[in-house]
Undergrad: 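For reference, the structure I am asking about is given below.
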Amino acid sequence: MTLRTGYVKWFDKDHGFGLISPLDGTSDVYVDRNAIATSTKQLIEGQHVEFSTQRSSRGPSALDVIAF
């Protein structure tokens, strides 16, 4: 899997999902709290992240998200 970088476009902490905008200019990537590799399982808008992707019913979805 290729690691990608991007920024959190938005994240709804109550529902546990959001979108990541990849730095390579490709389409936004769906992110679920279960894909976040930290114990807090939350992201903050504008936060820099590293992630892998997989295909899902929602389109590209993030895996193994690491926030900086």
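These numbers come from the heavy atoms of this one structure, side chains and all, not from hydrogens, waters or symmetry mates.
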Undergrad: Are V49 and R4 packed together at the side-chain level, in the sense that at least one heavy-atom pair is separated by less than 4.5 angstrom?
TA: no
Undergrad: Closest approach of V8 and I44, non-hydrogen atoms and distance?
TA: CB-O, 3.4 Å
Undergrad: Out of curiosity, L63 CG to I36 CD1, how far, rounded to the nearest 0.5 Å?
TA: 12.0 Å
Undergrad: If you look at every heavy atom in A67 and L43, which pair is closest and at what distance?
TA: CB-CD2, 4.0 Å
Undergrad: Working to the nearest 0.5 angstrom, can you tell me the gap between S21 OG and Y7 OH?
TA: 11.0 Å
Undergrad: If we check side-chain contact (heavy atoms from CB on, under 4.5 Å) with F51, which of these qualifies: D64, I20, I66?
TA: I20
Undergrad: Which pair of heavy atoms, one from L3 and one from S52, lies closest together, and at what distance?
TA: CD2-OG, 3.5 Å
Undergrad: Write out all pairs satisfying salt bridge (Lys or Arg N to Asp or Glu O under 4.0 Å) with one or both partners inside residues 25-50, taking only residues at least two apart or from two chains.
TA: K9-D28
Undergrad: Quick one: sort the F17 and W10 rings into parallel, tilted or perpendicular, breaks at 30° and 60°.
TA: perpendicular
Undergrad: When rounded to the nearest 0.5 angstrom, what is the spacing between CG in L19 and OG in S27?
TA: 10.5 Å
